[in-house]
Amino acid sequence: MSHLQEIDWYNVVKGFLNLVFTGSYWVDFLNRVNRDADYGMEKPGAKGETVVIEYSSPNTNKPLHLGHIRNNLIGYSLSRIMAADGYKVIKTNIVNDRGIHICKSMLAWQKWGKGITPEKAGKKGDFLVGDFYVRFEKEYRLQVQEMINRGLSREEAEKNAPLLLEAQDMLRRWEAGDPEVIRIWKMMNQWVYDGFEVTYKALGVDFDKIYYESDTYKTGKQIVLDALEKGLVYKKEDGSVWADLREDGLDEKLLLRADGTAVYMTQDLGTATLRYQDYHFDRHIYVVGNEQNYHFQVLKIILKKLGYAWAGRLMHLSYGMVELPEGKMKSREGKVVDADDLIAGMIETAREMGEELGKLDALAAQEKDEVFRMIGLGALKYFILKIDPKKNIVFNPRESIDFNGNTGPFIQYTYARIRSVFRKGEERGVNVPEKLTDNYLPNDKETALVRLLARFPEVRKDAAASYSPALVANYAYEVAKAFNQFYHDYSILNEENAEARNLRLVMTRKTGEVLYHAMYLLGIEMPERM
RNA sequence: GGACCUGUAGCUUAAUUGGAUAGAGCACCUGACUACGGAUCAGGAGGUUGGGGGUUCGAGUCCCUCCAGGUUCACCA
């Protein structure tokens, strides 16, 4: 033990061997990483493997809500974490633009819309379409109740309400290519896309490739028909097509309806195979809520049954639901935390707090807006991402999201402080040294910070291996906290001992870089001042 | 009913994957700048890790069982 010069001393407590690194070990570490501005980050693609990450996956019949925000943030963060782990990453989205849900909105618009458009209504298109979805649901409920009053059972009524039959008929006409149905469908979907675009942009997420269910279901149908020909799946008397999963301990699974139309599973079979053709991925991660665990279990089994060797490369990152204190969010009943509102509200809160602190009064209005936007979004994103993805979140809209403590703004603030130090340093002509000597060895607070910095690559790797942005978020907090503790007790620029000042300069710059990158991995921007 | 997930301080949560006295933040109380930024820092109080068994040197973590909550088992997506 004594011949290892990196070890200062050791002791044994309750069967544990404690090794304490020497101060010069940490000086060496800082010298090793000093000039590497991308310390801890791999080059995207360096690994030579491709990972496709699907997230967002909205239905086109309503605006995005808080649940989608969690999905998007996890997916986007994960894409950056995987890229920083050396993967080539393809960010992708499947738009569920087809199906009975959109037909419901279309039908309601046809019946009661009087030709209204987002322009005429002065409303975002996704909200307008969502209104008609709610309207359909309301009228449908009325019809059902009326039928029950006339003596039908609830089940019969729900199944045979004229509005539902009309919507189902519309879906059949859509799949048959009826020009009028297609026209309305295209028009209303476009309204929704335009609305989504605004939300995605506000949230700061994007995609490399977007798939549309209205395309992929055709591939899916073809796959099922081919499998039918090969005898891998079978047809029942009524003409519906099924896969038998009973030897896998599951049930039978419908793949095509009796009328030949596709179901959800059909299009996902198509989407997966199209993506494999497009990217020959080594891994494919679906960021989808845990309510679809069964779906993805079945998807993998069916693909395997159909002979696709890459079925084993599909992973489902199953995250928990976001609920309200009164229970699950329900779009149909309008009980949701709307994404646009939440984002705007966070930015507004950041503005109020910022104006009150008054630190940015010297900045132009536009610059201030930009900072408040970063802080509001930083608070929201960090709040969501610091929680283990697989846990459910209960979000109480009446309790505001914190800006102090273990929060995004705390970390942003720490970064702004660091930037401020270097701005001041430049004014005074202080430079960060190329190399440190070990004439000055780090004190306790400095050592605590540096050893945290040394853990960054490992934390980043763990986050990639376990698909967990939360690890990065909590790590960033620890670093920021350790820095603030050090910063409170010691001077950097004002330190008179040049050796000590140099070590602090190197360490502080590295802290700034690590915080910046860690937050980058979460998709959170860092302001130069706040 | 079957399958899967979750349960840690009033609230939000962490725990190096089986390791040391379960660690933070919010809220509550008490303190700290003529300093490079107080959205900060220091301290106090707050825990039978849902209950009970078991596995072993050692369990918040693994196994069994019960309790509570959630999801799913659709010719919805």
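From a predicted model like this one, the values you see are computed outputs, not experimental measurements.
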Under 4.0 angstrom between A:N96 side-chain N/O and B:A77 OP1 or OP2: no
Report the base-pairing partner of B:C33 (Watson-Crick or G-U wobble, both distances below 3.5 angstrom), or none. none
Is it the case that atom CZ in A:R451 sees more than 12 heavy atoms from other parts of the structure closer than 6.0 Å? no
Please state how far atom CH2 in A:W242 lies from atom C1' in B:C73, giving the value in whole angstrom units. 13 Å
Could you check which of B:U71, B:A77, B:U40 has an atom nearest any side-chain atom of A:N290? B:U71
Name the nucleic acid region contacted by A:E495, choosing base, sugar-phosphate or nothing; use a 4.0 angstrom heavy-atom cut-off, strictly under. nothing
Would you please confirm or rule out a distance under 4.0 Å between OP1 or OP2 of B:U40 and any side-chain N or O of A:N404? yes
With a 3.5 angstrom cut-off on both distances, give the Watson-Crick or G-U wobble partner of B:A68, or none if there isn't one. B:U6
With ring centroids as reference points, do A:H488 and A:F486 lie under 6.0 angstrom apart? no
Scanning all shown strands, the Watson-Crick or wobble mate of B:U21 with both distances under 3.5 Å is none
Applying a 4.0 Å non-hydrogen cut-off, can you work out what A:Y294 is touching in the nucleic acid: base, sugar-phosphate, or nothing? sugar-phosphate
Spacing of A:R70 atom CZ relative to B:G70 atom P, expressed in whole Å: 17 Å
Using only side-chain N and O atoms of A:R257, determine if any of them is under 4.0 Å from OP1 or OP2 of B:C76. yes
Within 90° of 0 counts as syn, otherwise anti: where does B:U13 fall? anti
Are the charged groups of A:K510 and A:E513 less than 4.0 angstrom apart, N to O? yes
Rounded off to whole Å, could you give me the CG-to-C1' distance for the A:D489 and B:G38 pair? 15 Å
Just to confirm, is there a sub-4.0 Å distance from OP1 or OP2 of B:C36 to any side-chain nitrogen or oxygen of A:S420? no
Under-4.0 Å side-chain N/O to phosphate OP1/OP2 contact, A:R529 with B:C36: no
d(CG, A:N494; P, B:U34) in whole Å: 15 Å
Identify whether any heavy atom of A:E323 sits under 4.0 Å from a base atom; if not, whether one sits that close to sugar-phosphate; answer base, sugar-phosphate or nothing. sugar-phosphate
Do A:R419 and A:E528 meet the salt-bridge criterion of a basic N to acidic O distance under 4.0 Å? yes
I want to check one thing: is the phosphate of B:G38, taken as OP1 and OP2, less than 4.0 Å away from some side-chain N or O of A:R417? yes
Are A:E356 and A:R351 within salt-bridge range, i.e. N to O under 4.0 Å? no
Report which part of the nucleic acid A:M321 touches: base, sugar-phosphate, or nothing (heavy-atom distance under 4.0 Å, all strands). nothing
Would you say A:K481 reaches B:A14's phosphate, i.e. side-chain N/O to OP1/OP2 under 4.0 Å? no
Quick one: is B:A77 close enough that its OP1 or OP2 comes under 4.0 Å of any side-chain N or O from A:Q292? no
How long is the line joining CG of A:L449 and C1' of B:C41, in whole Å? 15 Å
